[in-house]
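The sequence lines fix the lettering, A, B, ..., with proteins before strands; numbering per chain opens at 1. Everything numeric here is computed off the predicted structure, so don't read it as measured data.
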Amino acid sequence: MPFEKVESSPDFPALERQVLKFWAENATFEKRKALNAGKPKWSFLDGPITANNPMGVHHAWGRTYKDAYCRYFAMAGHELRFQNGFDCQGLWVEVEVEKELRLKSKRDIESLVPGNVEASIDRFVQACKDRVNTFARVQTDQSIRLGMWMNWDVTDADWAKTPDERKSYFTMAERNNYAIWSFLKKCFAKKLIYRGYDVMPWCGRCGVGISEQEMKEGYKLVEHRACFVKLPLLDKPGENLLVWTTTPWTLTSNVGAAVNPKLTYLKVKLKGEIYYLAKGVFKQDRMASSGGDEEDSTAKKGKREWLDGVPNLSSIEQMFKSKAGKGENYEIVDEVKGEEMLGWRYAGPFDDLPAQQSEYGFPEEVAKIVKQNGWCPAVTGAVAHRVVSGGDDVSESEGTGIVHTAPGCGDIDFAWGKANGLPPIAPIGDDGCFHKGFGSLEGKNAADPATADAVFEELKKKDRLFGIERYVHRYPHCWRCKTELLYRLVDEWFIGMGAAFDPANPQSPEGGYSFRAEIAKVTTQVTFLPESLNGRARELDWLKNMGDWMISKKRYWGLALPIWVDEKDPTDFEVIGSREELKERAIEGWQEFDGHTPHRPWVDKIVLKNPRTGNRMFRVPDVGNPWLDAGIVAYSTLPADWRPADFITESFPGQFRNWFYALLALSTMMSDGEVPPFKTLLGFATCKDQFGHDMHKSAGNSIEFNKAADEGGEIKDPKGATIPFNAIGADVMRWLYCRQNPASNLLFGPKPADEVRAKFHLKLWNCYSFFVNYAIADNFDPTAAQVPVKERPDIDRWILSDLQGLIRTAREAFESFDVMRFALEAERFVDDRLSNWYVRRNRDRFWSSNAVLDDAGRRDKLAAYQTMHAVLTTLCRLIAPCVPFLAEVMWKNLTAHGRSSAGFAPSVHLCDFPSVDETLIDTDLSDDTQALLDLITLGGSARNLAKQVVRQPLAELRVYTDSDSVKRALRRFATTICDELNVKSVVLSESPLLKASAKIQMKTAGAKIGAKRKEVDEAMKTVAAEDLAKRLRAGPIELGGVALDANDIAIEYTAESGWAGVVDRGTQVAIDGRLTPELRAEGLSRHVIRFVQDARKNAGLDLADKIVLSLTSPAEELMAAIRAHRDAIAAAVQATAWVDGPMTDLGFATTVKVDGMELMIGLSKQGLA
RNA sequence: GCGGGUAUAGCUCAGUUGGCUAGAGCGCAGCUCUGAUAAAGCUGAGGUCCUUGGUUCGAAUCCAAGUACCCGCACCA
C-alpha cells in the first residue's frame, strides 16, 4: 500500500519527535549539505545566543527566522556554513555563577580558595566556563528540537573538544579572543585607546563601571531623600550659601559650590541669618516639569514624573515661611549677581574628616594622579572650598541655583574641579562603601538609606541641615543586578570614537581620522529591514551621539584586555595584538601561561619589558566589554571568502547600540573602513505574552521552550489566574513567528497558538488526510502516467495555475527576507482555495466508485488525484523552510515513504525549492475562477436577503455585469453556480436587474468637478438615473457645467419585488425568492433527507449500510413532497425498501418537525427487517 | 527636555498618490452544512477612525496645536 492512513487529529509534537529521529538516522542534514557543496555561497552570520540559561520561547522567534532563511537558501541551491554561535563571556555569566556558588561580593570570589586570590579567580573562571558549556549544550538540544539545522555539537566527544575545535563558535574561544586583540592593536596603532580617569556610574555590588550602552537599560523612577544644606561663608559671618542634593553621601566630599555668573541671587534673611539662593527658584512650582525655566510661567507646563504616595514638593519660599514660624516671616534683603559671588570661601559640611585634609585630593592613588596631571594645586579639600562658576550648566530648573560640587562624585563636578583647581575627593571604594578617612561613615554603603540618615545626623549636629524632603527622579541602576549606581572616580579604558559627523553625509571630517565617521560610512552600505523601522537612521543616530566606548570591566570572566602598563608610569602602556606577539615580548610568565586560554588569572602572569624605559610592564587586571566578543565574530568566525555575511537577524531593541553597533564598529576597523560585516539586517520586535504584557519569570507569564515544545504547562493571566496549556509543538510556534510582522511585538501564548493551528496546520492537515485516505481506498499510484494537464478539468488547471502564483510569491518573499508575506499568502491559498473550494467542490470526484465509472470517469478521477498530489507535494516544499516537520511528515507519506525509486527525494528537505512553471499559468482561468468565487459569495448574500436557506431550491439567478471575467465565469461555470447556490438556472442579463440610482464616482470625476460639486449634485437630482445611464452609454454628458463620462457616474440598482439583489462593484446579482409549489416540495424533500441522515447516524449505522425506511406524517403537504421525491430520497439515504405506514416494531424510530410539520421516521438496517 | 513613531470594532491589526457605504482575523450572537465531521461555511451586531482647529468640492488619510502610549537620544546638583 503506497500511503499510510492519516489520523484526523494528529499529535503534532509526537510527529515532530519522530521526524527528528528520521533526520538523525538518515543523516538528512548531511545529505542536504552534500547536495549544495560547491554551489554559490549564501553567507549567514549567527548572532551569538548567551549561553547562560535554557531557551525561552522568545529565543525561538529569531531562531525560526534564522533556520527558515537558511533552509530556503539551501533548497534554492546555495552552499551555507550552518554555524551557530554562543556568547560566553561577561558579567551575566558571572552573576549566575555567583548565585550558584552563593557568593555575595568580589571579595567572596577572591576568597574561593582561602588566602589565595589567584587560585580563587582560576576556580571562578573555570566555573564560568563550565556554566557556559552546560547551557550551550542545553540550548543546542533545544535548538535541534525547534528544528534548527546547524552543524551542531551533539555527542559527548564533540563537547569534550575545546571551544575552538567545536562546530558552533564560542566567543570564549581563543580564536575569538585573539581576534579582538588584533582589533585593539589596530585601534592602538591609530591612537584610539586611552586610559580615562573619570567619574563614571559604578555598580557597588558587581564592582564594575557601567558603560554608556549599559546605562541606558537601567534607568528607573525611584524615591530618594534630598536635602538642603547650609554652607557658612567664611568672610561673611552669619551668611550661608544654600545648596541642594539628592545624594547626601557626596556631601562628605564637597569641595566647591557652583553658581551661574549670569543668574541673579537673592539674599534672604531668616531668623537673623542670611541665605543665598537663585532668584528664579525661590517661588518656583517645583512640581511642574522642568523645561520652560524662563520667567513666563505661562509656558507649557508638564507635570513632573512622580510616584504615588510621595508628597508633592513644596516651594522653597514655603520652606522659608514655615521655618520662620508663626507670626514671623523671612525677608529678602538684597540681590547679587552670580559673578559677584565667585571666589567666596565657605566652610564645608565635613571639613573635620581626614579625607578633607589631604593635598591634591583623596585617597592617595587619586591624589597621585591629580598631581601628575596637574589638575589642581597643592591644596586640601577643606582649604579649597569656594564659589566657582558652573556656567550655564547651573540652571534654575532644579535645586537652589547653587550646586554642591564634589569632583570625586559627579561627572560634571569633576570637570568643574579640573577647571577651577579643586582637588577631587573620592569617598567610596569599588564595593560602594566609604573608605577610611571618612570618620563614622567608614565602611557604610553609599547606596544604603541608613547612610543618608547618618549624614543627616552629622549635619544636624553641626547645624548645617536646612531641610530634608522626599524626592522622585529617574536614577540609573545596574542593568544586571538592579542595584543603584553610584558615581565614582575610576580609571577605565576607552576607545576614542573620534569627531562628529553629519548623518546626512557621513564621511570622515577633512584631514582627520574619525572612527565614528568611518563606521557611519560603512553603515550606509547596509540594508536595514523591516524598512518601517528606519534602522539605518537609528544606527546613525546612535553613532552620532555615543560617547567614547568604555571597554574595561574590573571583573574576572571575559576577554583579557591585552594592555600592559609600565610599572612606574601609569601613562605608558602598550597593546598586544596576538598570542605570537605576546610570546615574543614576554620576559616572565610564559611557561606558566602556555597551555591556558587567554583568560585570567593565567594571562596576568605575563610580564613584558618596556622597550623605552626598560621597566617591567604588567597587564591591567581588567577584562573586556562583552560586546567586543560578539562584535568580532564577522572576522573571527567567517572565513574571508564568506565575508561580508549576506544576512543577519536579531531582535532589535537595544541592538542598535549593542550587537549591530559592535559588529559594524569592529568590522570597520578590521577592514580599514572598507567592508560592512553584513549586507542585510532583519530586525524584529519583542515577544510578549498573549495579553500583550512583558514576559517575566516572576509574573508567571513567561513560557519555557521545553514546555511550549513538548511538555505543556501553565501561565498566569494578568489577574493572576492560572491557565493550563498543552504542548504547542515546534511547527506551530514556527508558523506563528513566520506569519508575524517583524516590526510589531508578537503576542505568544496558547491562545494565539490554537488560532494558528486551526487556521493553518489543521486546515492543511484536513486536506492532506482527505486526500490520503481516499487515495488508499482507491489505490492511487503517484507514479502512474500523468493525465496531461491540458486534458484536466478547469478546476484542476485553476488550482495548478494559482499554485504557481504562490510559488512566485514564496520566492520573492524569501529572497527579500519577508517570510510573513509568503506565510499569509500560503494561509489564504490553503484556506480559501485548496480547502474551501478545491476539496469541497471535488469531494465526489474522489469518492466516486471505480466500479460505476467509465473510462473517462476514471481518467477524470485520476486527474483529480494527480492534481491534488501535485498541489500537496508542492506545498510541502514551499512550507518546508517554515514548518520543516509538518512538511516532512506529509511529504514522506505522499511520496510513498520517500521511495527514491519513484523519483521522489527521501526527504522534502532534499528537494529543490519549487520554481514557477509558466506553462501551468492560465491567467484567464484564474481570473474567471476568482469571478466565480465572487459570484458565489454574491449569490449567497442574495439568498440571505431573500431569507431562503441553501437547501431550498430556487428558480433563477440573474447576473448583470460589466466585467468580462464575470461574464465568462457565468458561461463557463453555470453548472457549478447552480449547484453551489441551489438554483434551477442562472442567466446573464443584458440589462440592469435593479432599479437605477446614479452616483458620482469622485475618484475619477473629482478632478473634473472640483469646486462645482454642489451644482453637479443639483443637476443630478433633476435627471432620472435610467436616462442618465442611457445617455452615458452614448457618450460624455454635461452636468452642472461639467463634462462627465461613463466612468464618472456609477449607476446603482435595487431589486424588483419578489427578487433579492445585491451589487458589488460592476456586478449585480438577483435571485428569485418566490417559491412555486414544486420548488417548495423539493425543498421539503431535502429537509427530509437531512433528517433521515441524522437518524441513520443516531442509529449507529455504517456509511455503507442499506436501510428499510418508513416516513409518515399527518401533514398532507409533506407526504406529497415525499411521494414526489421518493426516488431521490431513497438514493440519498441508501434506502432499498420502503415500508408504508409507521414502523415502530423494528429498528430505529424518531419524530422530527419539518418546517413545523411532524414527521415520523422509522428505519432499520437492511437484512434485519 | 529633544527627536521619531503610534492612536481605526471588545482584542490584534490592514487601510495605496485625499474620493463618498472604513476593512480582516479572533471573540461574541444567530444561522447553515454535515460521508473531510471534535472539521467547515454564512450572516449579524459592534466604530465620535484620540481631540480641536485648518487646507479642500471632499479628510481615517494632508497641515497645525493638544492628549495618551511606545521607541530612540539627552538627563545634571
Side-chain angles (χ1 to χ4, degrees), chain A residues 6 8-9 215-216 219 226 243-247 250 257-258 289-293 300 302 390 393-395 397-406 409-413 416 473-476 487 532-534 537-539 541-542 544-546 652-654 656-657 685 690-692 741 743-747 751-752 754-755 758-759 762-763 765-771 773-774 824 827 831 835-836 839-840 843-844 846-847 937 940-941 943-945 947 949-951 999-1007 1009-1017 1050 1052 1090 1093-1094 1096-1097 1102-1104 1134:
Chain A
V6 176
S8 61
S9 42
M215 210 168 72
K216 314 281 181 206
Y219 275 97
V243 298
W244 175 81
T245 182
T246 57
T247 48
T250 64
S289 91
S290 57
D293 47 355
K300 50 173 180 176
D393 286 326
V394 176
S395 74
S397 59
E398 202 82 88
T400 64
I402 303 175
V403 178
H404 146 62
T405 303
C409 305
D411 190 13
I412 203 161
D413 307 47
W416 289 343
H473 59 167
R474 293 176 63 75
Y475 194 84
Y487 283 82
S532 63
L533 291 176
N534 286 323
R538 288 195 195 198
E539 193 63 62
D541 189 53
W542 163 250
K544 190 181 124 198
N545 288 303
M546 71 187 174
F652 63 80
F656 289 101
R657 61 170 177 266
Q690 66 185 31
F691 307 100
N741 177 356
S744 309
N745 290 337
L746 181 147
L747 308 190
K751 194 176 158 209
D754 287 345
E755 277 175 25
K759 186 196 229 9
L762 286 173
K763 281 230 174 81
W765 190 265
N766 270 328
C767 295
Y768 158 74
S769 74
F770 170 86
F771 169 85
N773 291 337
Y774 277 100
L824 296 182
E827 284 181 4
D831 189 2
S835 171
N836 198 29
V839 172
R840 193 163 60 78
R843 277 183 293 193
D844 52 358
F846 288 95
W847 72 59
T937 308
S941 345
R943 274 202 92 97
N944 231 288
L945 269 182
K947 300 212 188 312
V949 298
V950 179
R951 205 182 283 124
K999 198 173 173 193
I1000 294 179
Q1001 290 287 38
M1002 289 308 288
K1003 197 152 197 163
T1004 57
I1009 293 173
K1012 290 187 178 165
R1013 177 72 187 271
K1014 280 183 188 121
E1015 288 89 322
V1016 174
D1017 281 350
E1052 295 190 346
R1090 160 83 212 287
Q1093 299 286 31
D1094 255 3
R1096 279 182 59 112
K1097 205 169 173 182
D1102 189 76
L1103 288 185
Q1134 304 185 65

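- Between A/K544 atom NZ and B/rG4 atom P the separation is 11 Å, expressed in whole Å.
- In this structure, A/K759 places its NZ atom 11 Å from C1' of B/rU12, rounding to the nearest Å.
- Of the two residues near RNA chain B, A/R840 and A/K751, the one whose nearest nucleotide lies more 5' is A/K751.
- Contacts of A/S769 with the nucleic acid, taken as non-hydrogen atoms under 4.0 Å apart, are absent.
- Across all strands shown, B/rG35 has no partner, as no Watson-Crick or G-U wobble contact with both distances under 3.5 Å is found.
- With distances taken from any side-chain atom of A/T247 to the nucleotides B/rC76, B/rA77, B/rA36, the minimum falls on B/rA77.
- Taking both residues in full, the closest heavy atoms of A/K763 and A/A758 are given as CG-O, 3.5 Å, listed atom of the first, atom of the second, then distance.
- Across all strands shown, B/rG1 is found opposite B/rC73 as a Watson-Crick or G-U wobble partner, with both distances under 3.5 Å.
- Close to B/rG3, at under 4.0 Å from its OP1 or OP2, lies no side-chain N or O of A/R538.
- Nearest heavy-atom pair, A/P752 versus A/Q690, reported as atom, atom and distance to 0.1 Å: CD-OE1, 3.4 Å.
- In terms of phosphate contacts, A/R843 brings a side-chain nitrogen or oxygen within less than 4.0 Å of OP1 or OP2 of B/rA36.
- The P atoms of B/rG44 and B/rG23 are separated by 11 Å, rounded to the nearest whole Å.
- When the P atom of B/rC69 is taken as reference, atom CG of A/N745 falls 17 Å away, rounded to whole Å.
- Within 4.0 Å of A/Y487, counting heavy atoms only, lie sugar-phosphate atoms of the nucleic acid but no base atom.
- The side chain of A/N741 approaches B/rA14 more closely than any other nucleotide in the set B/rA14, B/rA36, B/rC76.
- Regarding A/L824, its CG atom lies at a distance of 15 Å from the C1' atom of B/rC26, rounded to whole Å.
- Nucleotide B/rU67 forms a pair with B/rA7, judged by Watson-Crick or G-U wobble geometry with both contacts under 3.5 Å.
- Atom CD in A/E539 sits roughly 22 Å away from atom P in B/rG3 (whole-Å rounding).
- With P as the reference atom, B/rA65 and B/rA29 are 46 Å apart, rounded to whole Å.
- Here the P atom of nucleotide B/rC70 and the CZ atom of A/F652 are 15 Å apart, to the nearest Å.
- When the P atom is used for both B/rG47 and B/rA9, the distance is 10 Å, rounded to whole Å.
- Of the listed nucleotides (B/rG41, B/rA77, B/rA36), B/rA36 has the atom at the smallest distance from the side chain of A/S835.
- Spacing of C1' atoms, B/rA7 relative to B/rU51, comes out at 11 Å, to the nearest Å.
- Contact record, A/D413 with A/A406: OD2-N, 2.8 Å, taken as the closest heavy-atom pair.
- Regarding A/M546, its CE atom lies at a distance of 15 Å from the C1' atom of B/rG72, rounded to whole Å.
- Nucleic acid contact for A/D831: sugar-phosphate only, since backbone atoms but no base atoms lie under 4.0 Å from a heavy atom of the residue.
- Under the Watson-Crick and G-U wobble criteria, each requiring two contacts below 3.5 Å, nucleotide B/rC62 is paired to B/rG54.
- The aromatic rings of A/Y774 and A/F846 sit tilted relative to each other, their planes meeting at an angle between 30° and 60°.
- For B/rC28, the paired base is B/rG44 (Watson-Crick or G-U wobble, both distances below 3.5 Å).
- Spacing between B/rG1 and B/rU12 at atom C1', rounded to whole Å, works out to 34 Å.
- Phosphate proximity of B/rC75 to A/Y475: absent, as no side-chain N or O sits under 4.0 Å from OP1 or OP2.
- The distance from atom CG of A/D541 to atom CZ of A/R657, rounded to the nearest 0.5 Å, is 12.0 Å.
- Shortest non-hydrogen contact noted between A/Y487 and A/C409 is CB-O, 3.1 Å.
- Shown here, B/rC13 forms a base pair with B/rG23; the pair counts as Watson-Crick or G-U wobble because both key distances fall under 3.5 Å.
- No donor-acceptor distance shorter than 3.5 angstrom exists from the side chain of A/T247 to the backbone of A/T245, with no hydrogens or angles considered.
- Nucleotides B/rU16 and B/rC76, compared at atom P, are 42 Å apart to the nearest Å.
- Taking atom P on both B/rA60 and B/rG19, the two are 9 Å apart, rounded to the nearest angstrom.
- For A/N836, whose side chain is taken as the heavy atoms from C-beta onward, the closest listed nucleotide among B/rC26, B/rA40, B/rA14 is B/rA40.
- The C1' atoms of B/rA59 and B/rG53 are separated by 13 Å, rounded to the nearest whole Å.
- If you find the closest nucleotide of RNA chain B to A/V839 and to A/T250, the one lying nearer the 5' end belongs to A/V839.
- For A/N766, whose side chain is taken as the heavy atoms from C-beta onward, the closest listed nucleotide among B/rG72, B/rA77, B/rA39 is B/rA39.
- Annotation for A/G399 and A/W244: closest pair CA-CE3, 3.4 Å, computed over non-hydrogen atoms.
- Counting to the nearest Å, the P atom of B/rA38 and the NZ atom of A/K763 are 16 Å from each other.
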